Participant: 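Below you'll find the structure I mean.
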Amino acid sequence: MPALREHIMEASKRYSNGFKHKGLASPPSNHFIFVTCMDARIDTAQAFGIAVGEAHVIRNAGGSAADALRSIVISQQLLGTKEIAIIKHTKCGMDGLKNEVVHATILRNLGIEAIAEVKSRNMIDFVPISGVAQGVIDDVEFLKASPLIHKDIEVTGWVYDVETGSTKRII
Ligand SMILES: [Zn+2]
């Protein structure tokens, strides 16, 4: 059996046995949104102190606010979240990456039809970062300027250090 299928089946058996989170409400109880990178080294529950049911955690390559915007709007408008933290991290693979490199890789691995799909879906910008701290500042400013984010919503920006486990405020 493929490894992931087997992994999920075993994890589900373990986790559902003695499951303790029955009856939780859908809206996050802390009213927090964390936007962070999909990087496998970030344990969001431990590093940012998030228990089940407390917060929305939106993850994508680079912890991009633009990429997360659809989920942020649903979270705020339908599920009552009130504060947003953008948390990027040291040694991020998106830092210094160029769109052209992503496009060339897609072309090489998947062919010309895949590039056409990227263009038709408006995904030409894979939102690489030039400097993690600057990326945080840019994303906080992007959200504060967006008409989709209420002016009273607090948006802060942070960098998580994958070598020390600490998270420091940037803005
Ligand atoms: Zn990253």
Side-chain angles (χ1 to χ4, degrees), residues 2-5 7-8 11 15 28 30-76 79 81-110 114-115 117-146 148-149 153-171:
L4 180 54
R5 275 197 234 169
H7 177 91
I8 294 173
Y15 188 61
N30 279 352
H31 310 289
F32 295 160
I33 298 177
F34 294 82
V35 177
T36 194
C37 188
M38 66 187 189
D39 193 291
R41 293 167 290 187
I42 307 174
D43 179 345
T44 56
Q46 295 293 323
F48 312 141
I50 309 166
V52 176
E54 285 186 348
H56 281 151
V57 179
I58 305 166
R59 301 186 71 161
N60 58 48
S64 158
D67 193 326
L69 191 56
R70 187 187 69 89
S71 300
I72 292 172
V73 171
I74 295 292
S75 174
Q76 302 229 289
L79 293 161
T81 51
K82 294 183 169 63
E83 290 178 57
I84 306 170
I86 303 287
I87 310 179
K88 298 187 192 284
H89 66 97
T90 58
K91 302 188 175 176
C92 184
M94 295 301 283
D95 188 14
L97 190 65
K98 297 270 179 281
N99 270 318
E100 302 77 59
V101 173
V102 183
H103 291 176
T105 305
I106 292 170
L107 181 61
R108 190 173 61 247
N109 292 339
L110 298 171
I115 286 294
E117 177 73 355
V118 165
K119 289 180 179 164
S120 76
R121 287 184 177 274
N122 244 347
M123 281 169 54
I124 299 203
D125 189 355
F126 282 91
V127 205
I129 309 166
S130 291
V132 172
Q134 188 58 48
V136 167
I137 292 165
D138 292 347
D139 273 9
V140 168
E141 285 173 356
F142 165 78
L143 289 180
K144 285 186 168 172
S146 172
L148 287 166
I149 307 298
I153 296 295
E154 175 166 281
V155 187
T156 53
W158 309 72
V159 173
Y160 171 77
D161 187 328
V162 295
E163 299 302 335
T164 67
S166 74
T167 307
K168 293 209 167 74
R169 175 124 185 244
I170 300 291
I171 181 169

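Numbering of ligands and ligand atoms starts at 1, following listing order. A quick note: this is a predicted structure, and the numbers were derived from the prediction, not measured.
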Participant: Is it the case that the side chains of H56 and S75 hold a donor-acceptor pair, with the cut-off being a distance below 3.5 Å and no angle test?
Facilitator: yes
Participant: Answer yes or no: is there a donor N or O on one side and an acceptor on the other, between the side chain of Q134 and the main chain of G131, under 3.5 Å?
Facilitator: no
Participant: Among residues at least two apart in sequence or on other chains, which ones pass side-chain contact (heavy atoms from CB on, under 4.5 Å) with E163?
Facilitator: K91, D161
Participant: Examine distances only and state if a side-chain atom of E83 and a backbone atom of F32 form a donor-acceptor pair shorter than 3.5 Å.
Facilitator: no
Participant: Charged N to carboxylate O under 4.0 angstrom, D95 versus K88?
Facilitator: no
Participant: Sort by chain and number the protein N/O/S atoms found under 2.8 Å from the Zn ion (ligand 1).
Facilitator: C37 SG, H89 NE2, C92 SG
Participant: Would you say N30's side chain and A55's backbone share a donor-acceptor pair under 3.5 angstrom?
Facilitator: no
